[in-house]
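Step one of this worksheet: look at the structure below.
Everything quoted here is computed from the prediction, not taken from an experiment.
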Amino acid sequence: MAIPAGHRFPITFDELFPQGFYVISVERANDWADGKTKPAVCKLTGRPVWTVQGTDPSAKGKNTGQVVKIAADYQPVPPETLPGTPFRPAMFLGLKVTPYVRDGWVSYTVWADEMVSPQTANRPSKATQKPDASSAAA
């Protein structure tokens, strides 16, 4: 069985970032072509690609940096900082990884559909909430 190049494999946020993810910056991604840079465009959707630079506390060693790419028409806005800290925790919806080999090592590119605040991600949606007893009695 052949897997097409560039296939994106689904993965959960908790599998990839068991201790969370903290945003450092969000910037437009660039591609290199003919020795020049140009704004990156997603090969699957044709939308602009944004890189979310952050840190992964569960990473081992000195390199805890991580990049998550998001294809979106507009620049994703990181969540607010935690009060009294410089930290911006974020969660990603629709996470996928694309493995590749570079210099004999397997690496991967992380893609997400959306970046959200952990508080927003953990709240049940209105569609899944059950009515409380007081509203049922009315």
* Check ring-ring contact (aromatic ring centres under 6.0 Å, His included) between F17 and all other residues, then give those that pass, not counting sequence neighbours. => F13, F21
* **Closest non-hydrogen atom pair, A112 against V68** => CB-CG1, 3.7 Å
By salt bridge (Lys or Arg N to Asp or Glu O under 4.0 Å) - contacts of [X] (at least two apart):
X: D73; answer: R47
X: R28; answer: none
X: K96; answer: D113

* Structure fact -> side chain to side chain contact (heavy atoms under 4.5 Å, CB included) filter on P57, not counting sequence neighbours, yields Q19, Y22
* Asked: Who passes side chain to side chain contact (heavy atoms under 4.5 Å, CB included) against S107, sequence neighbours left out?
  -> Y100
[Y] side chain reached by [X] side chain, heavy atoms, under 4.5 Å:
X: Q66; Y: V52; value: no
X: K69; Y: T109; value: yes
X: L95; Y: T12; value: no
X: Q75; Y: V26; value: yes

Please list, one pair per line, the donor and acceptor atoms closer than 3.5 Å that link side chains of residues 76-86 to other protein atoms, with sequence neighbours excluded.
unit_1 : atom_1 : unit_2 : atom_2 : d
T85    : OG1    : L82    : O      : 2.9
T85    : OG1    : F87    : N      : 3.2

* **V67 with L16, same ILVMFWY side-chain cluster at under 4.5 Å** => no
* Cluster question for you: counting only ILVMFWY and a side-chain heavy-atom cut-off of under 4.5 Å, with indirect links fine, are M91 and I24 together? -> no
Between atom [atom1] of [X] and atom [atom2] of [Y], what is the distance when rounded to the nearest 0.5 Å?
X: T37; Y: D31; atom1: OG1; atom2: CG; value: 9.5 Å
X: D56; Y: T64; atom1: CG; atom2: OG1; value: 7.5 Å
X: I70; Y: F92; atom1: CD1; atom2: CZ; value: 5.5 Å

* Asked: Can you list every salt bridge (charged side-chain N to carboxylate O under 4.0 Å, His left out) pair that touches residues 34-45, not counting sequence neighbours?
  -> none
* Please collect all salt bridge (charged side-chain N to carboxylate O under 4.0 Å, His left out) contacts where either partner lies in residues 5-15, sequence neighbours excluded, each pair once. => none
* Structure fact -> ring-ring contact (aromatic ring centres under 6.0 Å, His included) pairs touching residues 44-75, sequence neighbours excluded, are none
* Structure fact -> Grouping ILVMFWY residues whenever side-chain heavy atoms fall under 4.5 Å, the cluster of V49 otherwise contains W111
* By side chain to side chain donor-acceptor pair (under 3.5 Å), which residues pair with T98, not counting sequence neighbours? -> none
* Asked: Counting heavy atoms not belonging to Y108, are there more than 12 under 6.0 Å from its OH?
  -> no
